[in-house]
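What follows is a single structure, written as structure tokens, with notes after it.
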2 protein chains.
Amino acid sequence: MNVSTLCLAFLSFGEASGYDIRKASTEGNFSHFVDASYGAIYPALDRLEGDDLVTRRVEVQDGKPSRHVYALTDKGREALVSQLMEPVSPDKMKSEFLLLTLCAEHLPQERLEQALDQRIAEIDALTEDLSSKSSDCNHAPSQWVIRFATLMNRTKRDYLKANRDALIALGKPAQSAAAE
Amino acid sequence: MNVSTLCLAFLSFGEASGYDIRKASTEGNFSHFVDASYGAIYPALDRLEGDDLVTRRVEVQDGKPSRHVYALTDKGREALVSQLMEPVSPDKMKSEFLLLTLCAEHLPQERLEQALDQRIAEIDALTEDLSSKSSDCNHAPSQWVIRFATLMNRTKRDYLKANRDALIALGKPAQSAAAE
DNA sequence: TCGCACATGTAACGTGTTACATGATTAG
DNA sequence: CTAATCATGTAACACGTTACATGTGCGA
């Protein structure tokens, strides 16, 4: 799925700026399953405006740079729906962590320990973030997604905690400077 | 993580051809957390050979095209380890399905139903595939990863099954030709 | 005062995908 | 007879990231 669709989807919940969309996709509600940077979002919004799928309104602000607020047009809403009607490609997950895990035998135990603990901490932080989000959001589909994400995170974390030591045991013991 | 690292990691388990690596990354053991195509793998192997991280041996076959079998060198193994020693970036998941889910309100119920059922079927197929894989593999770290993936899949599927109807209820009822 | 948050935007760059070319064998 | 599998490889293309430019106000 491309950034355009992401923008349309986000705008279907209300007006927003490119800045808002980026924040949502890297920190907010959307961040669990998409990711986009300015360099992708701004050109995408330009294109969408050119195709009359969104409108732009410049909100001049005092002291801060002016916001370009985008809103979905009827045509844009139709485009979004028709894009969501065609078959979705399967979920894809990229995990350097699992690649590292697979190579456990080549790595010093300290590295495995550190990688695991870091990952667990990351998930904990994310989970907390999620639960705070779910409370101040009463959009039903969003809650459905947040509940899903929360469950997946919890499951992941529990597995990592429960199987932490088993993985570490597979590493190379105390072979000091295996690094670099 | 780039394709080069993936190749090194795969070769750390034994000799393999580009074809093998691609199969592993799209169908096999690796497919849960990476994905790579020929267009990425072959050039990567070339580069690795140029850097003396792998060696190439051409195996002429009768009837079939000859296999280029690659093997990790000591330098290659070192490179792999040093790459796995530096910080791993967080897991990323891309899901068009969740984007669709988020837009449930704009979509006809039939679409949601179909998307959910398709996803559930996909996961079932994948799970079966995984369990068959785990039996004929006695590499401990691989089993650790496979068990992890299996658990995640089961959790995902259970959530989708349990919350299927709740999501469908959020869609637009029977508004026949909402789809273009 | 340093640097972050706000906010938009562009150009260079990296990386990977898609679609092809090639060609024999085997399964349906 | 058709399609798929085996198997390598390349070129065109799509897409996105990174790093910059620009500029103010606010909190540590």
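Computed over heavy atoms, backbone and side chain alike; hydrogens, waters and symmetry mates excluded. Chain letters run A, B, ... following the sequence lines, proteins first, then strands; residues in each count from 1.
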List, one per line, each side-chain donor-acceptor pair under 3.5 Å for residues 1-9 of chain A, sequence neighbours excluded.
unit_1, atom_1, unit_2, atom_2, d
A:Asn2, OD1, A:Thr5, OG1, 2.7
A:Thr5, OG1, A:Gln83, OE1, 2.5

Any donor-acceptor N or O pair under 3.5 Å, side chains A:Glu96, B:Ser89: yes

What residues 8-24 of chain A contributes to the DNA chain C interface at heavy-atom separation below 4.0 Å is A:Ser17, A:Gly18, A:Tyr19

Would A:Arg22 and A:Tyr38 count as a cation-pi pair here, with the cationic atom under 6.0 angstrom from the ring centre and within 45° of the axis? yes

To the nearest Å, how far apart are B:Arg56 CZ and D:dA7 P? 15 Å

Sequence neighbours excluded, the answer for salt bridge (charged side-chain N to carboxylate O under 4.0 Å, His left out) partners of B:Asp124 is B:Arg157

Is any side-chain N or O of B:Gln61 closer than 4.0 Å to OP1 or OP2 of D:dA7? yes

Please tell me whether A:His139 and B:Glu105 have a donor and an acceptor in their side chains that are separated by less than 3.5 angstrom. yes

The helix from C:dT1-D:dA28 to C:dG28-D:dC1: angle between its terminal axes, five pairs each, to 10°? 50°

Per-nucleotide protein contact string for nucleotides 12-28 of chain C (B base, S sugar-phosphate only, - none; heavy atom under 4.0 Å): ----SBB----BSS---

If you compare every side-chain N and O of A:Arg67 against the phosphate oxygens of C:dG9 (OP1, OP2), does one of them come in below 4.0 Å? no

Under 3.5 Å side-chain donor-acceptor pair for B:Thr155 and B:Asp158: no

Is there side-chain contact between B:Ser82 and B:Glu86, with heavy atoms separated by less than 4.5 Å? no

Classify the ring geometry of B:Trp144 against B:Phe148: parallel below 30°, tilted from 30° to 60°, perpendicular beyond 60°. parallel

Modelled atom types, side-chain donor and acceptor of A:Glu122 and A:Gln118, under 3.5 Å: yes

Transitive ILVMFWY cluster of B:Val69, excluding itself - 4.5 Å side-chain cut-off: none

